[in-house]
Each structure stands twice: as C-alpha cells, then as structure tokens.
Chemist: 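Mind looking over this structure? Questions follow.
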Amino acid sequence: MNVPVVQPWVVLSFCSAIFFIGLAGVLIRRNILIIIMCIELMLNAVNLTLVTYSEMLNDLNGEMAVFFVIVVAAVESAIGLSLVIAVFRTLRTVDTDSIQSLRG
Amino acid sequence: MLSLIVLLPLLGFLANGFWYMSQLKKEHKAQASHVGALGTAAIGGSFLVGLICFFRLLAMEPEHRVLEQTLFSWIFIEGLHLDFAFRLDALNSLFVLVITGVGTLIHIYSIGYMSHDASPGKFFAYLNLFCACMLVLVLGASLPVLFLGWEGVGLCSYLLISFWYTDDEKASAGKKAFIVNRVGDFGFLLGMFLIFTTFGTIDFANLKMVVAGGGVTPEKLAAVTSICLLLFVGCMGKSAQIPLYVWLPDAMAGPTPVSALIHAATMVTSGIYLVSRLNFLYTLSPDAMLFVAMIGGLTALFAASIAIAQNDIKKVLAYSTVSQLGYMFLACGVGAYVSGVFHVITHAFFKALLFLGAGSVIHGMHEEQDIQKMGGLRSKMPRTFLVFGAGWLAICGIPPFSGFFSKDEILWQAFSSSRSELWLWLLGVVTALMTAFYMSRLFILTFLGEGRWKSHGHAKHDKHDHGPHDHGHAPKDAHAHHGGGEPHESPWIMVGPLVALAILSLVGGFIGIPHMSWLEHWLEPIIPGFAPIKDGVHHETEWVLMGFSVLIALIGMGGAFFVYGSRARTEKLQNSLAGFLKTLENKWYVDEIYDAVIVRPLRVVSMFLWKKIDVSIIDRTVLGVGSVSEMSGGVLRETQTGSTQIYVVTFAIGLLVIVGYALYGLV
C-alpha cells in the first residue's frame with residue numbers, strides 16, 4: 001500500500017505561514033479577543049513545528065514539549081480571558097487603542 | 001539633699017509648664033496668683049533646703065566644709081570619667097542662698113507685677129527653669145556641669161527677654177543677648193578643653209589638688225594663662241564686660257522682675273563665680289589677672305559714663321549693673337576675690353531692690369519709663385520712695401549701707417594690693433564718683449522736684465508717644481481699670497519684697513566689715529585671703545581711704561543735687577554740654593560702631609556667599625543635575641505609550657534582531 005507521504009517542508013511552510021498570520025493579527029488587530037485568538041494561532045503553529053521536527057529527527061522530546069505548550073496555552077487563555085472580562089467590566093471596551101492608561 | 005535644691009524649681013517649671021500648655025486653647029488662663037504661688041513655693045522650698053544645707057556646713061570643721069552628691073555617671077570613656085555631681089562648699093553656698101533668697105522675693109513681687117499679663121503661667125515656668133539652671137551652674141562639681149547651667153541660664157535669659165515676643169524690638173533684644181553670649185561661650189569651651197588637655201581633669205576639686213600638688217610645671221604656665229584668658233572671654237559674655245557688654249542694656253526689654261533677677265542679681269554674676277571658683281588658677285598667671293582687672297576697671301568707668309546721660313530708668317540701672325560688674329572683676333583681678341564675691345552679694349540685694357523699685361515706679365506710672373517725664377513721686381509713692389532711697393544710698397556707698405562696705409573694700413584692695421596699679425584704683429575712684437552722680441540724678445529726677453507727668457505724660461498718655469522708651473511694659477490692658485492717670489502706689493505684694501530687700505541692703509554689708517570680716521574667714525578654705533599689700537602702703541591708709549571714698553560719694557551726690565536740683569541750672573548745663581551729652585546718650589555710638597565693623601561686613605559677606613556662591617554656583621549645579629535627569633526622562637517617557645501593541649512590535653523587532661544575530665552573526 002502506497003501511502004502518500006507529506007513532505008516535511010510542506011508542513012513547515014504551512015506552520016510558518018500560520019505563525020506569521022498570527023503575529024500579524026497580534027500586531028494589527030485592535031480587539032483583545034482577536035489578539036488572544038491570534039496568540040493561540042501562533043502557539044499552535046509552533047506546536048505543529050515541534051511535532052514535525054520530532055518526526056523528522058525521530059526524537060520524542062519534541063512531542064513531549066507539545067503537551068506542555070498545550071497545557072500552558074490553556075492556562076494562558078483562561079487567565080487572558082478573565083482579564084479581558086475584568087477590563088471590559090471597568091472600561092466598557094475591548095479596544096486596545098482605548099486601553100492606554102499606562103502611558104508615560 | 002543637694003539635688004533637691006535644683007529639683008524643686010525644676011519641678012515647679014514642669015508643673016507650671018504643663019499647666020500652661022493644658023490651657024493653651026482655653027479662654028481663661030490660670031490667674032497669676034495661682035501659678036505664682038506654685039512658682040514661689042518651688043523656689044521658696046529650694047531656699048529652705050539651701051538654708052538647711054548651709055547650716056550643716058556651718059556645723060562642720062572649716063577644712064571639711066563640703067557636701068557632695070553624685071547623681072549618676074555622666075560620661076564614661078577612655079581617659080575621662082565624669083560624674084554628674086553637685087558639690088556645696090563655702091563659696092557656692094553663698095551663691096545658692098542669694099539666688100534662692102532673692103529669687104523667692106522676686107517671685108513674690110512678680111505675682112503682683114504680672115497680675116495683668118496674658119500668660120503668667122509661662123512666665124513663672126521660665127522663671128523657675130532659670131533658677132534651676134542657675135543652681136546647676138553654681139552647684140556643679142565640674143566644669144561640664146557648670147557649663148550645662150551656663151548654657152541653661154543663657155537660654156532662659158533669651159526666653160525671658162523676648163517674653164513679649166510679638167514686639168519685634170523685644171524679640172531682637174533676646175536674639176542679640178543669645179548671639180553675643182555665643183561668642184563668649186566659645187571662649188569658655190576652648191578654655192575647658194585646654195584645662196582637660198593640660199591637667200587631665202575637669203573636676204574642680206581634682207583640679208585644685210593637681211595644681212596644689214605642683215602639677216603646674218613652668219611649661220604648663222603658658223597654658224594656664226591661655227586657660228584663664230579663654231575662660232574670661234566666657235565671663236565677658238555672660239557678665240557683660242567690654243567688648244561683649246552690648247546685650248545687657250538691650251536685655252531690659254524683658255519684664256522688670258527678669259531684669260532684677262537675671263540681669264542684675266544672679267546670671268550676670270556667674271562670671272565672677274567662675275573666676276573666684278578657679279582663683280587658684282588665676283593666681284598663677286599675673287598677666288591674666290592684670291587683664292581681668294583692666295577690663296573690669298575700664299568697663300566700670302565706661303558703663304558709668306553712659307549711665308549719666310540715659311533717660312530710660314531701666315537703661316540707667318542696666319549700665320549701672322555693667323559698671324558694678326566691672327568693679328567685681330576689678331576686685332578679682334587685683335587678687336581680692338573675697339571682695340568680688342562680697343560685692344556680688346551686696347549688689348544682688350541693692351540692685352534687685354533698685355530694679356524692682358523701678359518696676360514699681362513703672363507700674364505706678366502706667367508703663368512710663370522716661371525719667372524726664374517723672375518727678376515728684378515722693379508723695380505719690382511714699383513706700384517705693386523709701387525703699388528706693390535705701391537702694392540708692394547703698395549703691396552710692398554711704399555707710400552703713402551694704403554697698404559702702406563692699407565697694408570700699410574693692411577700692412582699698414585696688415589701692416593696696418601688690419597686684420594692682422595706681423591707675424586701676426583711679427578708675428575705681430572716678431567710677432565711684434560717677435556712680436554716686438548718676439544714681440542721684442536718677443533718684444532726683446524720679447522722686448524729687450515737681451511732677452513733670454502732669455504736663456507731659458498722662459494728658460496724652462495714649463500709648464502712641466512712647467517711641468524708643470517703650471521697653472518692658474506689661475500688656476496693653478494692664479491699667480484699663482485705673483481710668484485716671486495719677487501715679488499710684490503699688491500693692492503690698494510688690495512693696496513687701498522691696499522692704500525685705502531694703503533691709504538686706506542695709507544690713508548685708510555687715511558680713512564683711514573690714515578686719516573682722518566673717519566673709520573672709522568663711523571663704524578661707526576656697527579663697528586663701530587677699531594678695532599681700534604693696535610695699536610702702538600703711539594699714540592706717542585704709543581708714544583715710546575709707547573716709548575718702550565716702551567723701552567721693554558725697555561729692556557725686558552733691559554734684560547731682562546741684563545740677564538737677566533746679567530745672568534752670570539743669571537746662572543751662574545741658575545746653576553748654578549738648579554735644580558731649582548726645583554722645584553719652586547714644587552710648588558712645590558703640591552699637592553703631594559694632595554695626596559698621598561687625599554686623600554689616602558680616603551681612604555683606606553673607607549676602608555674597610548667598611547670592612553669588614550659593615545661588616549662582618551651588619544651586620545651579622544641583623539644579624543642573626536635576627534638570628538633566630528631568631530632560632532625559634522627558635525624552636524617554638515618549639517610549640512609554642501605554643499601547644500594548646507597540647510594545648509587542650518592539651519586542652518582535654528585538655527578537656528578530658537577536659535571532660538574526662544568532663544565525664548570521666554581525667554581518
């Protein structure tokens with residue numbers, strides 16, 4: 001049975017594309033919720049990269065790191081979302097342009 | 001026992017002080033009679049304890065007449081172990097009795113004098129504090145303890161001179177007293193340090209032992225002269241001698257009882273106390289003694305000359321005090337410490353009497369202090385007239401009043417002592433003549449003749465025409481209830497102490513009758529007699545001189561009666577001597593000279609240091625450093641936009657740079 005093999009460079013290119021899309025989202029978008037989603041996107045792009053390299057290098061350490069990242073990401077989004085809710089309650093907005101009270 | 005003498009006035013101070021502070025916000029303050037009774041009880045108790053101690057001394061053997069009490073170990077370091085100790089002996093027991101005795105009388109008097117004041121509680125608290133400090137000064141067994149009291153009385157003097165501190169003139173008189181005294185205290189401190197480095201001890205008894213035991217080698221003799229001179233600089237300040245006497249006349253801005261207690265009877269005599277306490281050191285240095293005698297004699301003459309032309313009743317007495325203090329130093333300088341101490345005691349009696357009498361006159365004249373506007377008070381204030389007359393005769397030196405004995409002894413010593421010079425005696429004689437003259441002038445203008453207050457004073461006595469003579473008056477509402485304007489006799493609570501002081505002025509001299517002087521005998525363990533008399537001076541001369549000094553006093557008094565007895569003659573003489581009298585009235589322009597020579601250059605230098613050095617250089621440097629950080633901060637704050645995404649961009653760029661560097665190095 002000849003299973004078509006996806007070449008690693010395809011996957012890696014895909015990953016970096018997703019990563020930079022996420023980065024661009026973080027930098028450009030003004031809605032905090034979107035920004036958090038974009039961060040999530042970046043994290044998962046990295047996860048995918050780790051898995052790919054793990055497969056390529058025949059090393060399970062990479063896959064192990066992925067689980068850690070997933071856990072951390074889950075925690076991060078829990079905290080991030082609760083912060084967003086707190087900010088929204090006080091400021092009635094989630095637009096980063098209006099949240100600049102730490103201006104020097 | 002000894003500490004009780006100091007402790008009682010201190011407790012009185014604390015009690016009155018806290019009482020006063022607890023009433024600060026209340027409308028009705030405690031009455032003068034209540035706080036005054038408290039203060040008087042404190043100092044009166046101290047007097048009783050002092051008396052008991054004195055009698056205990058009397059019962060002892062003359063050589064062992066010492067009571068000592070160590071309170072605690074004060075300074076305990078390598079090479080110096082100093083106890084906070086009091087020591088009572090023949091010399092300072094007299095001072096203790098004078099301070100507490102005269103102090104008690106003045107406290108009683110103050111109850112009447114301050115009865116209309118707004119804050120008598122504060123007054124009596126300060127007065128008690130002063131007494132406590134003065135007692136520490138005389139009881140201290142070592143120089144540092146003495147110095148503690150020395151500074152304490154300076155502080156109280158300042159507080160009491162500027163007691164009515166809302167008046168700018170009075171406040172600055174207090175400052176002047178304090179600052180001039182600092183100059184003297186500096187000399188005192190240096191002298192104390194020099195004693196310690198030379199002899200290794202600053203306890204009086206130990207010091208005396210070291211000196212008596214041959215501790216003064218010829219090499220140390222130079223140091224002794226410096227010590228004596230430096231300590232005398234301290235005495236110049238405290239006891240108002242040339243050139244540091246200028247504060248004392250201004251100090252008359254304080255309430256009159258303060259002038260009597262601090263600036264006549266007690267504090268200003270502490271210089272004489274110090275010199276006679278250290279007589280064993282001064283005796284070693286003929287140069288220092290001659291200097292002391294010279295300053296004393298010159299001060300006596302100089303101050304007496306100023307007193308002749310003063311018109312403020314308290315100013316006359318102030319210069320008279322300076323002059324009498326000069327007498328005391330003249331006595332010390334010619335080796336007659338006993339006579340100096342004797343004159344301290346008699347002077348305390350009659351000068352306190354004169355000041356309090358003047359206070360009574362001022363009180364009765366509704367705060368008038370200009371003697372040109374008095375006169376004829378004999379009939380209006382008969383009791384004050386009588387007691388003031390006693391003080392007047394005493395200071396002029398008419399026997400048997402106390403001043404005669406002490407002043408005559410000083411003159412005799414200045415004439416006969418082998419340490420004296422003829423011109424010192426002449427200074428003393430001329431001063432005696434002038435003293436009799438200006439005191440008689442004061443007496444005549446105040447009490448005798450026609451009352452000039454009818455024409456001058458009270459018709460327009462509305463507090464506006466006082467001008468520079470408006471010293472030391474009680475608060476403005478003091479006499480609202482008197483209505484009229486006739487001079488009136490003071491109440492008995494003021495006259496009573498005057499009578500007591502008048503009696504003391506009359507009999508006080510009997511402790512020092514020549515050739516059977518109880519005082520000389522009493523002080524013998526501390527002050528070993530007089531200096532030997534000069535060759536060629538016979539003892540019979542003493543009787544001749546005694547008659548001579550009475551004659552001098554009578555001439556001075558007669559001269560004053562001649563000049564001031566008739567108004568026409570007074571005016572004629574005043575016109576012919578107008579220029580000279582003006583110089584005297586302006587105190588030889590000493591204040592102006594000091595202002596030009598010391599105060600103004602100091603101000604110019606200070607202004608230069610302030611405007612040029614401080615503001616232009618130091619401030620600019622410091623502010624420059626500040627503005628650099630302010631500017632850099634202003635630039636850097638622009639980066640803190642508060643916008644999260646700009647931070648992220650910066651972060652991303654930085655990350656890229658680092659990654660690029662890691663991959664490719666510095667291209």
Side-chain angles (χ1 to χ4, degrees), chain A residues 9 12-13 15-47 49-50 53 69 72-73 76-77 79-104, chain B residues 21 24-25 175 602-667:
Chain A
W9 67 268
L12 289 176
S13 311
C15 289
S16 55
I18 293 174
F19 181 84
F20 282 105
I21 289 168
L23 182 62
V26 169
L27 296 184
I28 292 165
R29 297 304 294 263
R30 291 288 179 262
N31 189 321
I32 302 181
L33 279 170
I34 306 281
I35 289 173
I36 286 179
M37 284 161 70
C38 290
I39 291 172
E40 225 43 47
L41 210 57
M42 289 163 74
L43 282 169
N44 284 313
V46 172
N47 279 348
T49 320
L50 284 169
Y53 279 118
V69 174
V72 171
E76 178 252 80
S77 34
I79 294 175
L81 285 173
S82 48
L83 281 177
V84 170
I85 290 168
V87 166
F88 183 73
R89 277 188 183 161
T90 41
L91 301 178
R92 289 278 143 202
T93 176
V94 284
D95 185 355
T96 52
D97 277 348
S98 355
I99 309 172
Q100 296 196 345
S101 49
L102 281 179
R103 179 197 291 278
Chain B
M21 273 160 63
L24 272 182
K25 298 226 171 73
K175 281 187 277 185
L602 202 66
R603 185 169 296 158
V604 169
V605 171
S606 306
M607 284 301 266
F608 172 77
L609 289 177
W610 172 34
K611 293 280 186 200
K612 301 291 174 212
I613 306 286
D614 207 40
V615 173
S616 315
I617 299 179
I618 296 176
D619 280 7
R620 216 171 262 185
T621 313
V622 174
L623 292 177
V625 171
S627 59
V628 164
S629 31
E630 202 173 317
M631 269 160 53
S632 52
V635 172
L636 289 175
R637 75 192 284 257
E638 296 303 322
T639 62
Q640 303 290 319
T641 55
S643 160
T644 329
Q645 278 160 320
I646 291 178
Y647 299 160
V648 177
V649 170
T650 323
F651 179 70
I653 292 171
L655 199 65
L656 283 178
V657 169
I658 290 169
V659 169
Y661 175 72
L663 289 181
Y664 306 107
L666 292 171
V667 177

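In what follows, chains carry the letters A, B, and so on, assigned in the order in which the sequence lines appear, proteins first and then strands, with residues in each chain numbered from 1. Side chains are part of it too, since the values below use all heavy atoms of this structure and drop only hydrogens, waters and symmetry mates.
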Chemist: Can you tell me if A/M37 has over 12 outside heavy atoms packed within less than 6.0 Å of its CE?
Modeler: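 No, because the 6.0 Å sphere around CE of A/M37 holds 12 heavy atoms or fewer from other groups.
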Chemist: Does any heavy atom of chain B fall under 4.5 Å from the side chain of A/I28, the backbone, both, or neither of them?
Modeler: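 Contact with chain B: backbone only.
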Chemist: Taking only heavy atoms into account, what residues of residues 637-646 of chain B are found under 4.5 Å from chain A?
Modeler: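 B/R637, B/Q640, B/T641, B/G642, B/S643, B/Q645 fall under the 4.5 Å cut-off.
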Chemist: Under the side-chain hydrogen bond (donor to acceptor under 3.5 Å, both in side chains) test, which residues partner A/D97, sequence neighbours left out?
Modeler: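 A/D97 satisfies side-chain hydrogen bond (donor to acceptor under 3.5 Å, both in side chains) with A/R30 once adjacent residues are dropped.
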Chemist: Show me the side-chain donor-acceptor pairs of residues 83-92 of chain A shorter than 3.5 Å, one per line, residues at least two apart or across chains.
Modeler:
from, atom 1, to, atom 2, distance (Å)
A/T90, OG1, A/A86, O, 3.0
A/T90, OG1, A/V87, O, 3.0

Chemist: For chain A, which residues of residues 605-632 of chain B have at least one non-hydrogen atom nearer than 4.5 Å to it?
Modeler: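 The residues closer than 4.5 Å to chain A amount to none at all.
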